[in-house]
Amino acid sequence: MFFGRQTVDDGQRSMVHGLSSVERKEKKMAQIQEKYQDTYLYKIRHSAAHVMAQAVMEMFPDGKPTIGPPVENGFYYDFDLPRNLTPEDLEQIEKRMRQIVQGKHEFKKTVISAEEAKKIFADQPYKLELIEGLEKGGTDEYGQPLDGPPEISIYQQDTFTDLCRGPHVQTTKEIKQDAFKLMSIAGAYWRGDEKNKMLQRIYGTAWESKDQLKEYLHQLEEAKKRDHRKLGKELEIFIFDEEVGPGLPLWLPNGGILIEELEKLAKEMEEAAGYSRVRTPNITKEDLFIRSGHLPYYAESMYPPMELEGVKYYIKPMNCPMHHKIFGSKGRSYRELPVRLAEYGTCYRYEKSGELFGLMRVRSMQMNDAHIYCGEDQFEQEFMGVIALYHKYFELFGIDKYVMRLSLHAKQGLGKKYVDNERLWLKTEDMVRRAMINGDVPFVEVADEAAFYGPKIDVQIWSAIGREFSLATNQVDFAVPERFDLKFTNKEGADEIPLCIHRAPLSTHERMVGFLLEHYAGNFPVWLSPEQVRVISITDAQNEYAEKIAKQLRENGIRAHADLSSQRMNAKIRQAQLMKVPYMIVVGDNEMQAEQVSLRVRDGSQENNIPLGDFITRAKDKIVRRASEL
RNA sequence: GCCGACGUAGCUCAAUUGGCAGAGCACCCGCCUUGUAAGCGGGAGGUUACGAGUUCAAUUCUCGUCGUCGGCUCCA
């Protein structure tokens, strides 16, 4: 299991659906997520956060504590402190925490009134703000919305008192002094709002035993090995260059192959699913984005316009408006619906500098985009057709660690973040919800995550180091087609506005390749491997034979190179293994005389003296089937 | 964008309190001709990210710029 930090305390604003008859991983994940708050581990972590707060407040009596919840794998606490923390401070705090937990101090809960609470925390402005939230009943102590006014309680251990609803362990001694560790210092905005003051956050991890902690730290080390940024460099997939610019990846030849293979896959699948391919320009007049309504919502993350002869042009951050133009370029009958327009569109988004993250978050991207225009009666079938496509891809890649998230609007965002039409929001959200339930696809609902023009299903995945991303997306658009005056003639001969489904099952090339690198830890299946076969000669007496074999493989559509260097065979094999080449063909005098080859597979197994023709048949079969096995 | 840390050869990393910038791998040359994860020797490779400042002297200290990383915010 591997959750993003963000998802853990989402308990109140998310709901889980369609779990009854399905045995997928999401079910387990969702259940674990729901139950986390009832676990002993949760109490340990919550209590460790309080102990940490005590240690920090002893060090900085003038500091102001804010909130400190458990999160996945650990806990954090945010403070407003007179000076910035250093790594040395962290050591001190950790040392002091060990003393405190040894003290076997009891966690004592006291239920109090808002008035009493305000007295106790009179000199703690952040706590007062939380108490007011509790009093009004609008939000809990973490700022999450609540249904009614909750009971207000405090927890005390040793010298430290915190506003808290618990639960906690009995005494500090239950936090094993060798089973927790402070991990990092970070900045975090008060209440997660960038307009607020930036606080100092300390992240820690805590477990039931020393061994569990050790295991967790080991897992972190292992995860770093499959970080796509590290693998991307080692396997020569992509680079970033300072002079080219941040977030603008350069694809090396090996990366180019991955992209070509993904694109080939998408084209095959989309053709089979009845899509038509279109091509659209990378820049467009400002007018297009004014009409689409993107500009007010998106301007900040768009590259600034270039002005020529008094006309402003933007680099496109998305393809939809162009596809809308294609749909609207002629009269449409209900008979030709649904119209499915697909394009691997290249887009540019000016993500803030601090948001960039390897290939997972970039500024130039090639999107597996398509827009489906359909009537309302066709919606469910089309929407579920897209979900089916997702499942086909995920099965092919063996992706099972994901959550489908129904991203909804939030009432307070209407007219700001979201198109101001509550009726259509509720209607389309319900359409998606019903489609998912009818299709028996498990999903979670999360408020305030929709696109500005409609609800969507996002497929959430986690990078090797645990950061959460939307990989694929399937969105409903009930607003923009109207703005483009899109229509079709229905059976009754009247004009009707189509619904639009935006979808990107294979995400962007950037995020998909980043994800796949981590997913396979660089061990791509044969069809995706940039180099499928490396032919290794044992001495240079076989070089000519090796080259002949490589040529023959290439003529059969297999990506093969011969390693004719004068190194020892062992070194050549090592290099091929490090580059994670699935097949190594080894040829020495024996093979050359018998006109055969010896095969070493990436997993270490070997088969000696087989006819080349047999190997070619086998390799081609794996490639054509896009087999996951070697 | 915000808080913090970091930036040394193509890559991974060294360099005691400021005192001539090093190693392994990769690369080039030579030797070796080898049976399933590193054969041996030699050579070349650096304006220590960039720009200022302090100092007799700066990779080392200070400031700025750029970039990367851990988070926050935001997101395909």
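Convention: sequence-line order gives letters A, B, ...; per-chain numbering from 1.
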Query - Length of the line joining A:Tyr402:OH and B:rA76:C1', which is rounded to integer Å - result: 18 Å

Requested in this report: Can you label the angle between the A:Tyr453 ring and the A:His502 ring as parallel, tilted or perpendicular, going by 30° and 60°?
Outcome: parallel

Query raised in the report: Sequence neighbours excluded, which residues qualify as salt bridge (charged side-chain N to carboxylate O under 4.0 Å, His left out) partners of A:Arg405?
Result: A:Glu449, A:Asp458

Query raised in the report: Can you find an N or O donor on one side and an acceptor on the other, under 3.5 Å apart, linking the side chain of A:Tyr189 with the base of B:rG71?
Result: no

**Report entry** Where protein sits on nucleotides 30-39 of chain B, one letter per nucleotide: B base, S sugar-phosphate only, - none, heavy atoms under 4.0 Å
**Finding:** --BBBBBBBB

Query raised in the report: Is NZ or CZ of A:Arg511 both nearer than 6.0 Å to the six-membered ring centre of A:Phe469 and within 45° of the ring axis?
Result: no

Query raised in the report: Expressed as a whole number of Å, how far does the P atom of B:rC28 sit from that of B:rA14?
Result: 28 Å

Requested in this report: Report which part of the nucleic acid A:Ser507 touches: base, sugar-phosphate, or nothing (heavy-atom distance under 4.0 Å, all strands).
Outcome: sugar-phosphate

Query raised in the report: Separation of A:Met183 atom CE from B:rA5 atom C1', in whole Å?
Result: 16 Å

Below 3.5 Å is the cut-off: list the nitrogen or oxygen pairs between protein and nucleotides 62-68 of chain B, distance only.
| from | atom 1 | to | atom 2 | distance (Å) |
| --- | --- | --- | --- | --- |
| B:rG67 | O2' | A:Glu242 | OE2 | 3.4 |

Query raised in the report: How far does the P atom of B:rU54 sit from the matching atom of B:rC72, given to the nearest Å?
Result: 41 Å

**Report entry** B:rA15 versus B:rG71 - spacing of their C1' atoms, nearest Å
**Finding:** 31 Å

Query raised in the report: Between A:Met579 (CE) and B:rC11 (P), how many Å, whole number?
Result: 15 Å

Report task. Could you give the distance separating B:rU48 and B:rG43 at their P atoms, to the nearest angstrom? Result -> 23 Å

Query raised in the report: Expressed in angstrom and rounded to an integer, what is the separation of A:Met198 atom CE from B:rG1 atom C1'?
Result: 9 Å

**Report entry** Rounded P spacing from B:rU8 to B:rG30 in Å
**Finding:** 33 Å

Query raised in the report: For A:Arg361, what residues pass the salt bridge (charged side-chain N to carboxylate O under 4.0 Å, His left out) criterion, not counting sequence neighbours?
Result: A:Glu351, A:Glu355

Report task. Give the rounded distance in Å between these two atoms: CD1 of A:Ile202 and C1' of B:rG70. Result -> 14 Å

**Report entry** Between B:rG51 and B:rA9 - P atom distance, rounded Å
**Finding:** 16 Å

Query - Nearest-nucleotide comparison on RNA chain B, the residue closer to the 5′ end among A:Arg511 and A:Gly358 - result: A:Gly358

Query raised in the report: Aromatic rings A:His519 and A:Phe515: how do their planes relate, parallel, tilted or perpendicular, breaks at 30° and 60°?
Result: parallel

Distance-only donor-acceptor pairs under 3.5 Å for side chains of residues 562-571 of chain A, two or more places apart:
| from | atom 1 | to | atom 2 | distance (Å) |
| --- | --- | --- | --- | --- |
| A:Asp563 | OD1 | A:Ser565 | N | 3.1 |
| A:Asp563 | OD1 | A:Ser565 | OG | 2.8 |
| A:Ser565 | OG | A:Gln567 | NE2 | 3.0 |
| A:Gln567 | OE1 | A:Gln575 | NE2 | 3.4 |
| A:Gln567 | NE2 | A:Gln575 | OE1 | 3.2 |

**Report entry** Atom P, compared across B:rA21 and B:rC27: separation rounded to whole Å
**Finding:** 28 Å

Report task. Could you check whether A:Leu471 gets within reach of a base, just the sugar-phosphate, or nothing at all, counting any heavy atom under 4.0 Å? Result -> sugar-phosphate

**Report entry** Set of side chain to side chain contact (heavy atoms under 4.5 Å, CB included) partners for A:Met57, sequence neighbours left out
**Finding:** A:Pro65, A:Phe79, A:Phe160

Query - Sugar-phosphate, base or nothing in reach of A:Ala186, heavy atoms under 4.0 Å - result: base

Query raised in the report: Aromatic rings A:Tyr303 and A:Tyr350: how do their planes relate, parallel, tilted or perpendicular, breaks at 30° and 60°?
Result: perpendicular

Query - Separation of the C1' atoms in B:rA38 and B:rA76, to the nearest angstrom - result: 42 Å

Query raised in the report: What pairs of residues pass the ring-ring contact (aromatic ring centres under 6.0 Å, His included) test when at least one of them lies in residues 565-586 of chain A, not counting sequence neighbours?
Result: A:Tyr583-A:Phe615

Side-chain donor-acceptor pairs of residues 232-244 of chain A under 3.5 Å, sequence neighbours excluded:
| from | atom 1 | to | atom 2 | distance (Å) |
| --- | --- | --- | --- | --- |
| A:Glu234 | OE2 | A:Lys230 | NZ | 3.0 |
| A:Asp241 | OD1 | A:Glu243 | N | 2.7 |
| A:Asp241 | OD1 | A:Val244 | N | 3.3 |

Report task. Would you kindly check whether a donor in the side chain of A:Gln475 faces an acceptor in the base of B:rA76, or vice versa, at under 3.5 angstrom? Result -> no

Report task. Measure from CZ on A:Arg503 to C1' on B:rA76 and round the result to the nearest Å. Result -> 13 Å

**Report entry** Whole-Å distance separating the CG atom of A:Leu359 from the P atom of B:rC69
**Finding:** 11 Å

**Report entry** B:rG71 OP1/OP2 closer than 4.0 Å to side-chain N/O of A:Arg467
**Finding:** yes

Report task. Just compare B:rG4, B:rC72, B:rG70 and give me whichever is closest to any side-chain atom of A:Asn84. Result -> B:rG4

Report summary line: Nearest-nucleotide check on RNA chain B, A:Phe357 vs A:Arg361; residue mapping nearer the 5' end is A:Phe357

Query raised in the report: Within a reach of under 6.0 Å around NZ of A:Lys548, are more than 12 heavy atoms found that belong to other residues, nucleotides or ligands?
Result: no

Report task. Could I get the full list of salt bridge (charged side-chain N to carboxylate O under 4.0 Å, His left out) partners for A:Glu544, not counting sequence neighbours? Result -> none

**Report entry** Any A:Lys195 side-chain nitrogen or oxygen under 4.0 Å from OP1 or OP2 of B:rG1
**Finding:** no

Query - side chain to side chain contact (heavy atoms under 4.5 Å, CB included) involving A:Glu531 - partner list, sequence neighbours excluded - result: A:Arg534, A:His561, A:Val581

Query raised in the report: Given the rule that a pair is Watson-Crick or G-U wobble with both distances under 3.5 Å, how would you write RNA chain B in dot-bracket, using | for pairs to a different strand?
Result: (((((((..((((.....[..)))).(((((.......))))).....(((((..]....))))))))))))....

Report task. Return the set of residues passing salt bridge (charged side-chain N to carboxylate O under 4.0 Å, His left out) with A:Lys416 (not counting sequence neighbours), or none when no residue passes. Result -> none

Requested in this report: Write down the distance between NZ (A:Lys572) and P (B:rA26), rounded to a whole number of angstrom.
Outcome: 14 Å

